[in-house]
Number of protein chains: 2
Amino acid sequence: MAPADIQQNVHRLFSEYLEHGGHRKTPERFAILREIYAVDGHFDIELLYGRMQQTKCQVSRATLYNTMDLLLDARLVRKHQFGTTQAQFEKAQIRGQHDHVICDGCGKVQEFCDPRIQNVRNTVSEVLGFRVSHHALHIHGICADCQKKSNERTKAARAAVQP
Amino acid sequence: MAPADIQQNVHRLFSEYLEHGGHRKTPERFAILREIYAVDGHFDIELLYGRMQQTKCQVSRATLYNTMDLLLDARLVRKHQFGTTQAQFEKAQIRGQHDHVICDGCGKVQEFCDPRIQNVRNTVSEVLGFRVSHHALHIHGICADCQKKSNERTKAARAAVQP
DNA sequence: GTTTATGCAAAGGCTTTGCATTTCA
DNA sequence: TGAAATGCAAAGCCTTTGCATAAAC
């Protein structure tokens, strides 16, 4: 789907959601949605606030938080807590279900997909009678880059001791 | 392992960790470790603070936070962010690797194990050259109890409309 | 005797809330 | 017109920090 089509599509979905829920269709809400779908990857409220400040629709943080709740409920946005206190978000349409690999060395977040997770979800659903809505799998560790840097430092340290 | 043995074991592990890292072996640190291993399931800082207040070693919140960092580094405690801002913790020894099912209705957290996750970890490790240290799989949704309650409310509402 | 840890209180950062003003329906 | 959303600032909550005191080594 082309970017313009995606924007059009999520606009329609949000519009339907607001109408169905008895919420008002304010320009702020659609401007926020548009900006979110213009961002690549993850973002936090502060980044979104900064970007909105540079548009002609300069919304307040309070409105951002309110609107995020609506978008989460509408399933147009996903929320993450990658171990820090501040929440991270990402657009939910377009990109399918995926999980996250988090480097505890440099903080980099990579995405990956594994169909086996779906099997685990199904099992939980069956065994516990749980109605699964979504999941989050975070794999923590050290990325290849950081491992490499760490090795180089070790070598350098050895060289310094035994020149 | 009997509870007393576990206490003895983690005490020893922490003692070794502190010694190796050049940290001091204060009574507060061991009292906190002991209290953590006396708690069942998950807890947050506030709950731990409350429990410590009732012992003869009444540590400050600052010391709790400091000590949690050490215990996390020593791998004697695990930290979780179950979607809320405040961090949840649990003891890391005894209980093996497990994952969490979180009810977004009542907030209840259940645990489960699924060996298939290990396969996913291995794949990430192989494909990305990532050195995996740990993971967290959170499955969100509505638990059986909340589904039941929701159904009852729907029935009651129907009965009220059509008596 | 040094250096590190503790405890208190204050500051910090992210998020929520209260209330006057504006705006959508 | 009436109810709901916005924006601002203040308050809230969890967490971190600075500094004097106390304790480990």
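From a predicted model like this one, the values you see are computed outputs, not experimental measurements. Each chain gets a letter, A, B and so on, in the order the sequences are listed, and its residues count up from 1.
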Apply salt bridge (Lys or Arg N to Asp or Glu O under 4.0 Å) to [X] and list each qualifying residue two or more places apart in sequence or on a separate chain.
| X | value |
| --- | --- |
| A/Asp69 | none |
| B/Lys108 | B/Asp145 |
| B/Glu35 | B/Arg51 |

In whole Å, I'd like the distance from the [atom1] atom of [X] to the [atom2] atom of [N].
| X | N | atom1 | atom2 | value |
| --- | --- | --- | --- | --- |
| B/Gln53 | C/dT6 | CD | C1' | 14 Å |
| A/Ile32 | D/dA5 | CD1 | C1' | 11 Å |
| B/Gln86 | D/dT15 | CD | P | 6 Å |
| A/Tyr49 | C/dC14 | OH | P | 14 Å |
| A/Phe14 | D/dA5 | CZ | P | 11 Å |
| B/Glu46 | D/dG12 | CD | P | 16 Å |
| A/Asp44 | C/dT15 | CG | P | 8 Å |
| A/Glu19 | D/dA4 | CD | P | 16 Å |

- request: Name all residues meeting the side chain to side chain contact (heavy atoms under 4.5 Å, CB included) criterion together with A/His134; count only those two or more places apart in sequence or in a different chain, and write none if there are none.
  value: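 Expected list: B/Asp104, B/His140.
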Test of understanding: with side chain to side chain donor-acceptor pair (under 3.5 Å), list the residues that count as partners of [X], not counting sequence neighbours.
| X | result |
| --- | --- |
| A/Ser15 | A/Lys25 |
| A/His138 | none |
| A/Glu16 | A/Arg12 |
| A/Ser133 | none |

- prompt: When all nucleic acid strands are considered with a 4.0 Å heavy-atom cut-off, which category describes A/Gln58: base, sugar-phosphate, or nothing?
  reply: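 If one applies the 4.0 Å heavy-atom cut-off, A/Gln58 turns out to touch the sugar-phosphate alone, with no base involved.
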message: Checking contacts here: which listed nucleotide (D/dG7, C/dT15, D/dT15) is nearest the side-chain heavy atoms of A/Ala87?
response: C/dT15
- request: Using five base pairs at each end, measure the axis-to-axis angle across the helix from C/dG1-D/dC25 to C/dA25-D/dT1 and round it to 10 degrees.
  value: 30°
- prompt: Heavy atom of residues 62-73 of chain A under 4.0 Å from DNA chain C: which residues?
  reply: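 Of all residues in residues 62-73 of chain A, the ones placing a heavy atom under 4.0 Å from DNA chain C are A/Ala62, A/Tyr65.
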statement: Residues in residues 20-29 of chain A with a heavy atom under 4.0 Å of DNA chain D, by number, are A/His23, A/Arg24, A/Thr26, A/Glu28, A/Arg29
May I have the list of side-chain donor-acceptor pairs in residues 113-121 of chain A shorter than 3.5 Å, sequence neighbours left out?
| from | atom 1 | to | atom 2 | distance (Å) |
| --- | --- | --- | --- | --- |
| A/Asp114 | OD1 | A/Arg116 | N | 2.9 |
| A/Asp114 | OD1 | A/Arg116 | NE | 3.0 |
| A/Asp114 | OD2 | A/Arg116 | NE | 3.4 |
| A/Asp114 | OD2 | A/Arg116 | NH2 | 2.9 |
| A/Arg116 | NH2 | B/Thr123 | OG1 | 2.7 |
| A/Gln118 | NE2 | A/Asn122 | OD1 | 3.1 |
| A/Arg121 | NH1 | A/His135 | ND1 | 3.0 |

message: Can you tell me if B/Gln8 has over 12 outside heavy atoms packed within less than 6.0 Å of its CD?
response: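 Atom CD in B/Gln8 is not packed in, count stays at 12 or less.
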query: Between B/Phe82 and B/His100, does the ring centroid distance fall short of 6.0 Å?
result: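 Yes - the distance between ring centres of B/Phe82 and B/His100 falls below the 6.0 Å cut-off.
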